[in-house]
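For reference, the structure is listed below as structure tokens.
All ligand and atom numbering here is 1-based and tracks the order in the structure. Positions are given from 1 along the sequence.
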Amino acid sequence: VNMGTSRKMSFGFNGKMNGVEGKTPFLIGVSGGTASGKSTVCKRIMEKLGQVDKDHTERQVVCISQDSFYRDLTPAEKLKAEKGQYNFDHPDAFNNDLILQTLRDILAGRKCEIPAYDYRTNSLIKDKVTTIYPADVVLFEGILVFYFPNIRDLFHMKLFVDTDSDTRLARRVPRDINERGRDLDYVLNQYMNFVKPAFEEFCLPTKKFADVIIPRGADNTVAIDLIVHHIWDILHTKNGDSASGQHPYIEHRRTS
Ligand code: UZR
Ligand code: MG
């Protein structure tokens with residue numbers, strides 16, 4: 001989780017502060033299969049938004065991962081997970097109520113706390129939370145962020161990182177072995193039994209909800225530049241629209 005650099009409550013694009021609740025950030029959802037490059041695309045967007053923006057010291061961009069919202073497993077589920085028989089790629093593996101609540105808090109300009117998750121133990125890290133402060137742009141990335149309509153409808157912009165599945169597998173295997181402490185047998189079994197079928201059943205069908213599909217992921221600098229310039233335009237040209245009391249981003253929002 002990358003946090004905003006400043007802890008102060010800053011003014012949003014519309015310069016409006018209404019009591020406890022602060023600005024409404026521009027909320028971007030980023031989805032795609034496992035190891036498609038979602039995190040890297042988010043990182044590039046954050047970096048480039050800084051470069052393209054003269055006021056980037058003022059601009060706060062925050063990235064949150066859906067992985068932080070994995071449900072804590074029951075002892076029985078934990079045993080299944082150790083044997084590679086638990087489906088972490090199913091929509092129900094996440095605490096979707098908490099995701100919804102968190103995104104609503106973010107949209108209302110309230111600061112919120114994100115749980116911390118440990119892939120090695122498949123569990124939430126006790127007493128560890130990350131505080132997310134109100135920001136101008138919030139990226140929320142994960143394999144199933146477009147699955148539930150009530151969550152999907154909250155995004156002002158939806159991106160889908162579309163990377164070939166063999167490329168994704170080639171990245172996933174070393175990542176699970178080196179960073180998540182697993183052996184090759186476990187990783188390939190999990191992939192064939194859960195990751196691949198769940199991608200096809202739950203993740204891939206959400207591609208149609210994306211506003212922009214990014215082929216090849218983070219390598220696609222042209223797509224990322226276009227997206228960053230569009231975000232920049234929205235943040236700058238919609239300024240001062242607060243008189244109507246209407247959210248300036250509303251017109252960029254699509255119901256699906
Ligand atoms: P990305 N995941 C784990 O491997 N272990 C956990 O405890 C929780 C999640 C994996 C999950 C999914 N599947 O494919 C992946 N498994 O994290 C999503 N197995 O993360 O989008 O970064 O690939
Ligand atoms: Mg990831």
Side-chain angles (χ1 to χ4, degrees), residues 1-2 28-46 62-96 98-99 114-126 128 130 138-148 151 158-207 210 214 216-218:
V1 177
N2 303 301
I28 305 170
V30 182
S31 196
T34 183
S36 54
K38 299 182 291 293
S39 314
T40 314
V41 165
C42 289
K43 207 172 139 221
R44 295 278 175 278
I45 292 175
M46 294 177 82
V62 173
C63 183
I64 302 167
S65 176
Q66 187 182 27
D67 298 7
S68 304
F69 295 87
Y70 269 112
R71 280 197 300 109
D72 229 353
L73 303 187
T74 64
E77 288 172 330
K78 220 163 237 173
L79 277 176
K80 276 180 119 181
E82 277 157 27
K83 289 186 267 178
Q85 289 163 8
Y86 182 83
N87 192 354
F88 286 103
D89 293 73
H90 193 281
D92 295 340
F94 298 93
N95 185 344
N96 294 296
L98 186 62
I99 292 177
I114 309 284
Y117 186 82
D118 184 351
Y119 288 98
R120 290 176 183 264
T121 58
N122 312 113
S123 55
L124 292 169
I125 304 169
K126 285 219 167 8
K128 194 184 163 194
T130 305
V138 175
L139 295 143
F140 186 59
E141 64 90 8
I143 49 176
L144 294 170
V145 299
F146 301 152
Y147 186 77
F148 292 107
I151 294 174
K158 295 189 273 298
L159 310 177
F160 191 95
V161 183
D162 198 9
T163 305
D164 288 341
S165 49
D166 49 3
T167 307
R168 294 190 295 101
L169 178 61
R171 285 187 197 148
R172 168 85 185 225
V173 170
R175 184 172 82 183
D176 275 4
I177 291 173
N178 300 328
E179 293 170 27
R180 296 175 180 177
R182 300 182 189 155
D183 64 37
L184 183 62
D185 246 24
Y186 182 104
V187 175
L188 291 180
N189 272 319
Q190 178 108 24
Y191 191 86
M192 292 313 290
N193 292 332
F194 295 114
V195 181
K196 183 179 166 72
F199 170 74
E200 285 165 4
E201 186 173 354
F202 306 115
C203 178
L204 194 53
T206 68
K207 185 159 89 171
I214 308 172
R216 307 181 305 284

Inset, instruction - Please write down residue, atom name and distance for the protein heavy atom closest to atom 6 (C) of ligand 1. - result: Y117 OH, 3.3 Å
Inset, instruction - Inspect the contact between D176 and R172 and indicate whether a charged nitrogen and a carboxylate oxygen are less than 4.0 angstrom apart. - result: yes
Legend entry - Pair F94 + F69: ring centers closer than 6.0 Å: no
Inset, instruction - Ignoring angles and geometry beyond distance, decide whether D89 reaches within less than 3.5 Å of ligand 1 through its nitrogen or oxygen atoms. - result: yes
Legend entry - E77 and R71 ion-paired at < 4.0 Å: yes
Legend entry - Proximal ligand 1 atoms for N122, defined as those under 4.0 Å from one of its heavy atoms: 5 (N), 6 (C), 7 (O)
Legend entry - K78 and E82 ion-paired at < 4.0 Å: no
Inset, instruction - Measure R168 to ligand 1 on non-hydrogen atoms and call it side chain, backbone, both or neither using the 4.0 Å cut-off. - result: neither
Inset, instruction - State if Y86 counts as touching ligand 1 under the rule of any non-hydrogen atom under 4.0 Å. - result: no
Inset, instruction - Examine ligand 1 and decide if any of its atoms is less than 4.0 Å from a heavy atom belonging to F194. - result: no
Inset, instruction - Look at atom 19 (N) of ligand 1 and say which protein heavy atom is nearest, naming residue and atom and giving the distance to 0.1 Å. - result: Q190 NE2, 2.7 Å
Inset, instruction - Identify the two heavy atoms, one from A210 and one from L159, that lie closest to each other, and give their separation to 0.1 Å. - result: CB-C, 4.3 Å
Inset, instruction - Could you pull out, from R182, R120, R71, the option with a heavy atom nearest to atom 5 (N) of ligand 1? - result: R182
Inset, instruction - Check ligand 1 against A35 and write out every atom of the ligand that is under 4.0 Å from a heavy-atom position of the residue. - result: 23 (O)
Inset, instruction - For residues V145 and S31, report the shortest heavy-atom separation together with the two atoms involved. - result: CG2-CB, 3.8 Å
Legend entry - Sub-4.0 Å heavy-atom approach of R172 to ligand 1: yes
Inset, instruction - Indicate, as side chain, backbone, both or neither, the part of Y70 found under 4.0 angstrom from ligand 1 when only non-hydrogen atoms are considered. - result: side chain
Inset, instruction - Decide whether the shortest distance between a heavy atom of Q66 and an atom of ligand 1 is less than 4.0 Å. - result: no
Legend entry - Distance from atom 20 (O) of ligand 1 to nearest protein heavy atom, with residue and atom: D67 OD2, 3.4 Å
Inset, instruction - May I ask you to check whether F88 and F194 place their ring centers less than 6.0 Å from one another? - result: no
Inset, instruction - Look at the side chain of D118 and the backbone N and O of L124, then say whether any donor-acceptor pair between them is shorter than 3.5 Å. - result: no
Inset, instruction - Show which atoms of ligand 1 fall inside a sub-4.0 Å distance from at least one heavy-atom site of R180. - result: 4 (O), 10 (C), 17 (O), 22 (O)
Legend entry - Minimum heavy-atom distance between K38 and I143, given as atom pair plus value: NZ-CG2, 3.7 Å
Inset, instruction - Any atoms of ligand 1 less than 4.0 Å from a non-hydrogen atom of K38? List them with their elements. - result: 1 (P), 21 (O)
Legend entry - Nearest atoms (heavy-atom pairs only) where C42 meets V30: SG-CG2, 3.8 Å
Inset, instruction - Report yes or no: does R168 contribute a side-chain atom to a donor-acceptor pair with the main-chain N or O of T163 at less than 3.5 Å? - result: yes
Legend entry - Identity and distance of the protein heavy atom lying nearest atom 22 (O) of ligand 1: R175 NH2, 3.2 Å
Inset, instruction - Kindly confirm or rule out an N or O of D118 lying under 3.5 angstrom from an N or O of ligand 1. - result: no
